[in-house]
Structure formats: structure tokens, C-alpha cells
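Here is the structure we will look at.
Source: prediction; values computed, not measured.
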Amino acid sequence: MTAVGVIRGTTPDRRAVIPLLRRLRSDEGRADPLPVWDELRALGEVVPAPWGGYFVTGFDTCNQVLRGRNWLVPDFDWQERRPDPARWREPATREMTRTLSRLNPPVHTAQRRALGNLFDRGTLETLRPRIDRHVTGLLDRLDLRLRTHGTADFVTTVAEQLPIHTVGRWLAIPDEHYPHILDFTHRQVHAQELLPTKSELAVSAQATLEMRTFFTGLLAHRRAHPGNDVLSGWIRYWDAQYPDDRAAADQTLYDLTMFITIASLETTATLLANAVWFLTRDPAVADWLRRHPEHIDDAIDEALRYDPPIHLNTRFAADDTVLAGVPIAKDTAVHVLYGAANHDPRRNENPHVFDIRRKGGHLTFGGGAHYCLGAALARLEARQLLTQLLERFPTLRPATAPTYANRMVFRRMTSLSVTT
């Protein structure tokens, strides 16, 4: 038996997780992944993956990987060292590998430092009234559809619209472009899945072309017509950093603008839709929160814990190491399972109970150098939405159970029919 095989709580058979992964992508698994997370965690803290590498399941071990400096994100250098580097040369994959989420120090450090704290207290206070107006308008639209049709899709009417309005107005992107941005974002994300198919990669490649065309055009227009907006400020900053290399400035600006825009869309929309689903499926829960609005932030954290918008993230070992007793060779990939970690009963007692007053812990926004840039903004959007929603729609409830996209990494609720 191999050294890994004798570690308590792990399995030497990499095929053991295959049926669990299939279940995660089934209709049943997408609707309720909790049993699969439990079974994955029961296999051990560090579980061999069928293609090599490992899944990490426990809260503390996942936290160690996310915060450890010896765990890096899969950048271009790592991809080129893979036995199958062609797999990583797909257009959509390469596009996302240049973004902040796939940069390691010192490049990542320099770009994060240049951005500063994008959503500090002052910025959030400036955005708050604008977000409130967006929420009011979207809930007006929801109210009209409920009165006209009796039901409405909360995802398409509200949850997907609030993030694109927030980031779009922040970057001064005209409203007429929002539907197109949402469309290519939904299609481009296939390339960020764990095992994308050839057809999914082809869809992502086309979406990437559209995305590149849009954002390069946006930047060119803003450079020609600068203002006092955030994007104009970025252009001035990066032009100054590369005074003799316009191409380098343009590439950096494109990568930042594209990533910050699309990264804020699906994840926040899923948080908003999940929060409404978890709160309204039990009228007593929504009623309690309506009478105790001081716990809205707790409800948001519980929604983030219970069903994280990103189910999995990948790191690789910078050097030979040992993780939870399992030897991990340099360059080996490990996949952090946020859902399994957030439902670890050693960290959160009775983890499958949605409990607003839990005061538990979650890893949904990541940790360390790659902690989510937009975490504070996502919380603000959710807080303002729930505050108004609970007051305006005291009898709101799901008309049917939600539906989800066929994904394993990026959770996306595609519909949630609600009624009153």
C-alpha cells in the first residue's frame, strides 16, 4: 500500500470519487449537493482525484491551503509544466489566466497594491444610495410582474440585474450593454469549470471573442473621452506606469476591467437568489428576520455558508509538502471544496440546518492574498436588497423549487419562481 493509502481517512482508490462527481452534476445533486459533500468529506481530509491531484474537504485544511503562502494559483508557468499543456491553451482559459484570480506574486501583489481597497468604507457609502435606487426600481418591476402574472422569476427580474447595474454604473458603462455583458459572462464561464467538454470550450471561446471586443472597445472609447469615473482613473494610472508601452497598459487595463466586471455578476446574483430562497421557503424564518433586521448580515453570512456561489477552487503546491498527513508533491493540484468545508460539523454544528443566528464560519470568499476583492460590495448589495424586500413583500414565497446550471465549480441559480 502506498504512503498515501495508509493515512487514516483517505482512500488509495482515485476512482472512488467518480460517482460522487457525477451526482454533483445530476439534477438531484445540483438541487441538493449537501449529501455529496458529506460523502466526499467522509473519504478524508485530502481525497485523491481520478485525474491526479486531490480534493480538500475539511474546514481547517481548506483554510490552511487558502491562506498558506506555499499554495499558489494555477498560473501560466504551472500550466506549461503540465503533461497536457494543450489543454490549457484554449482561448477562454488563457484569457482568464491573465486575471487577478490566476496571478501569483510578485505580479499579483503589484496589481492588487495598484488597485488599493476598491470597496473601502468611503466607496461603499458613496455607492449605497445608488444601490438603494437600483433595488427600489427592481422591486417595483417585481411587484408589477407579480400583480400582472401572479408569479415572477426572481433570478432574471432582480438577482441578475442588481450586480450588473451596480458595477456597470460604477464603471460608467451604458445600460444598453448590460444584457450582452450578462450573456457572454454566462457562456464564458464554462472554461473555468473543472473538466470542461470540447463543446463547452467552443462556447467559451466564442464568448471570449465577444468579451474582448466589448471591453477593448469600451477602453478605447473611454481613453478618447475621459471623465472622472473609476475606469478613466485606471486608464490614467496604467498609462503612467507604462509611458512607453501602450500595448502593456492596454492589456493590463483590459484584464482588470474585464475581470472585475464579470467576477461580480454571477457570484453575487447567486448569493442574492440563494438568500431569498432560503429565507422565503420557510415563512417563519423570513418573518423572524423581518422583526429582527439587525440580523440581516447574519442571514447573508449563513446563505454564503450554506450554499457558496463557488463550490471549488484550485491551488498547487509550490514545494513538496504534507497536507493533513498526506504527502503532496511539488506542482500537485488540490481542489478546495468550499461547500464540504462550510458544512464540516467540526466547525459548524448541525451544518445542514439553515440558522441565521449560527455565528458560524465559512470560507466562501476565500482567504489570504486571493480573498475576494468584491466581498464588501456583495454584502452591501445583499443587505440593501433584503432590507427592502422583507418590508415590501411580507408574504413572498417560492412558487416552485429553483433550477441550477449544469456546473460543478460556479454555482448559478437559473430560475426561482416566486409568488405572494
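- Residues D60 and R346 are not paired through a salt bridge, judged by the lack of any N-O separation under 4.0 Å between the basic side chain and the carboxylate.
- The ring pair (Phe, Tyr, Trp, His ring centres under 6.0 Å) search around H370 returns H108, not counting sequence neighbours.
- Ring geometry, W37 versus H343: the interplanar angle falls from 30° to 60°, so the pair is classed tilted.
- A donor-acceptor pair shorter than 3.5 Å can be found between the side chains of Q79 and T97.
- No more than 12 heavy atoms of other residues, nucleotides or ligands lie within 6.0 Å of CD in E349, so this atom counts as exposed by the packing criterion.
- The pair D297-R383 meets the salt-bridge criterion, since a charged nitrogen lies less than 4.0 angstrom from a carboxylate oxygen.
- A salt bridge between R187 and D183 is present, with a side-chain N of the basic residue lying under 4.0 Å from a carboxylate O of the acidic one.
- Here D301 does not pair with K359 in a salt bridge; the nearest charged N to carboxylate O distance is not below 4.0 Å.
- In this structure, the side chain of E381 does not engage the main chain of I131 through any donor-acceptor pair within 3.5 Å.
- A salt bridge is absent between R25 and E193; no separation between the charged side-chain nitrogens and carboxylate oxygens falls under 4.0 Å.
- Checked for salt-bridge contact, D153 and R145 miss the test: no charged N lies under 4.0 Å from a carboxylate O.
- For the pair R281 and W277, the distance from NZ or CZ to the six-membered ring centre is under 6.0 Å and the angle to the ring normal is within 45 degrees.
- In this model, a donor atom of one side chain and an acceptor atom of the other lie less than 3.5 Å apart for T136 and Q388.
- Between D287 and R291 there is a salt bridge, with a side-chain nitrogen of the basic residue lying less than 4.0 Å from a carboxylate oxygen of the acidic one.
- Of the charged side-chain nitrogens involved, at least one lies within less than 4.0 Å of a carboxylate oxygen, so that R412 and E160 count as a salt-bridged pair.
- Salt-bridge annotation for D140 and R392: present, with a side-chain N of the basic residue lying under 4.0 Å from a carboxylate O of the acidic one.
- Aromatic ring orientation, W170 versus W234: perpendicular (interplanar angle above 60°, classes split at 30° and 60°).
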